[in-house]
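Notes to accompany the following structure.
Only heavy atoms go into these numbers, but all of them, side chains included; no hydrogens, no water, no symmetry mates.
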Amino acid sequence: MNKKAKTVFSVVILLVVSIVSFCFWLSEISDYLEFPEEIVFSWMSLSLISIPIMFAFPLYWFFLSLRHGEKHALKKINRIMPLFKLMCVFTFALSCAMSFGYLSALKSKGYTLCSGVPSGWTPGTASKYVVDKKLCFSSGLQHER
């Protein structure tokens with residue numbers, strides 16, 4: 001496979017992963033905003049928005065290298081590297097703010113945090129919130145905090 005074909009293949013993969021992660025992020029946000037009786041909240045789901053933002057810069061480099069060559073692409077990318085760093089910090093801050101904001105909204109709506117790990121999740125990645133304490137026991141492994 002020649003260099004141009006590899007670059008096009010890389011662009012396609014980055015675009016597909018970016019679009020899929022953005023769609024998953026939108027799906028998670030809409031699910032969270034419905035405020036069902038039982039919510040399994042994960043800070044990682046809100047971080048999905050960072051994937052398209054992070055991939056924007058490699059995509060830009062690939063497009064520039066296809067059109068103008070690698071040396072020109074490298075010069076352009078070096079100029080916008082401070083913007084890339086700023087976007088990384090902004091994405092992290094946005095994810096943190098959304099997580100803390102959503103958790104405070106859950107508490108204000110009267111949700112109870114269940115102890116234990118929600119079924120199917122790795123420890124430390126998600127927490128289960130319910131409107132009625134009895135729902136904490138629905139999986140059989142969780143207890144009220």
Side-chain angles (χ1 to χ4, degrees), residues 1 3-68 70 73-74 76-145:
M1 193 182 322
K3 197 169 193 168
K4 202 169 212 173
K6 287 180 183 179
T7 303
V8 170
F9 185 67
S10 298
V11 166
V12 169
I13 287 175
L14 289 174
L15 281 174
V16 167
V17 170
S18 294
I19 290 168
V20 168
S21 69
F22 184 73
C23 290
F24 280 145
W25 181 76
L26 283 177
S27 172
E28 286 295 313
I29 292 295
S30 80
D31 289 346
Y32 287 153
L33 293 178
E34 289 176 2
F35 291 101
E37 289 184 342
E38 186 176 314
I39 297 172
V40 177
F41 176 75
S42 173
W43 57 271
M44 293 186 333
S45 60
L46 295 178
S47 299
L48 285 172
I49 191 63
S50 65
I51 293 172
I53 292 170
M54 299 293 243
F55 284 175
F57 291 90
L59 281 169
Y60 184 60
W61 184 83
F62 282 129
F63 283 127
L64 286 175
S65 67
L66 281 173
R67 187 146 191 224
H68 301 290
E70 287 184 25
L74 195 56
K76 287 276 193 182
I77 288 294
N78 282 337
R79 283 190 217 142
I80 64 166
M81 194 51 67
L83 176 63
F84 175 67
K85 292 175 185 175
L86 182 66
M87 290 301 293
C88 290
V89 170
F90 173 75
T91 303
F92 177 74
L94 177 67
S95 294
C96 289
M98 289 173 63
S99 291
F100 289 126
Y102 188 72
L103 291 177
S104 69
L106 287 177
K107 289 181 183 177
S108 72
K109 290 186 178 284
Y111 281 80
T112 302
L113 174 63
C114 299
S115 65
V117 179
S119 179
W121 287 87
T122 303
T125 59
S127 299
K128 183 177 178 180
Y129 293 87
V130 294
V131 291
D132 185 8
K133 295 175 187 178
K134 294 174 188 168
L135 292 172
C136 284
F137 304 105
S138 64
S139 68
L141 298 175
Q142 298 183 339
H143 309 284
E144 177 205 347
R145 280 192 182 166

Testing the basics here: between [X] and [Y], what is the closest heavy-atom pair and its distance to 0.1 Å?
X      : Y      : result
Ser18  : Ile51  : OG-O, 4.3 Å
Pro118 : Ser127 : CG-C, 3.9 Å
Cys136 : Lys128 : O-NZ, 4.2 Å
Met54  : Phe84  : O-CE1, 3.9 Å
Leu135 : Val131 : CD1-CG2, 4.4 Å

Next on the checklist: If we ignore hydrogens and angles and just use 3.5 Å, is the side chain of Ser99 paired with the main-chain N or O of Ser95 as donor and acceptor?
Outcome noted: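 The answer is yes, because a donor-acceptor pair under 3.5 Å joins these two groups.
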So how far is it from [X] [atom1] to [Y] [atom2], rounded to the nearest 0.5 Å?
X      : Y      : atom1 : atom2 : value
Leu48  : Leu26  : CG    : CG    : 10.0 Å
Met44  : Ser50  : CE    : OG    : 11.5 Å
Ile49  : Met98  : CD1   : CE    : 8.0 Å
Asp132 : Thr112 : CG    : OG1   : 8.0 Å
Phe62  : Glu70  : CZ    : CD    : 9.5 Å
Leu14  : Tyr60  : CG    : OH    : 16.0 Å

Item to check | Leu106 and Phe35, any side-chain heavy atoms less than 4.5 Å apart | outcome: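 Yes - at least one pair of side-chain heavy atoms lies under 4.5 Å apart.
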Next on the checklist: Less than 4.5 Å apart, side chain to side chain, heavy atoms only: is that true for Val117 and Thr122?
Outcome noted: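 No, every pair of side-chain atoms sits at 4.5 Å or beyond.
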Next on the checklist: Is the ring pair Tyr129/Phe41 parallel, tilted or perpendicular, if the boundaries are 30 and 60 degrees?
Outcome noted: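 Perpendicular, since the angle between the ring planes exceeds 60°.
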Checklist entry - Can Ser42 and Tyr32 be said to form a side chain to side chain contact (heavy atoms under 4.5 Å, CB included), step by step? => result CA-CA 10 Å; Ser42 173; Tyr32 287 153; 4.2 Å; yes
Next on the checklist: Assess the residue pair Val130 and Glu37 against the criterion (side chain to side chain contact (heavy atoms under 4.5 Å, CB included)); give the C-alpha distance rounded to whole Å, side-chain angles, the decisive distance to 0.1 Å, and a yes or no.
Outcome noted: CA-CA 6 Å; Val130 294; Glu37 289 184 342; over 6 Å; no
Checklist entry - Quick check: are there more than 12 heavy atoms from other residues, nucleotides or ligands sitting under 6.0 Å from CH2 of Trp25? => result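 Correct, the count exceeds 12.
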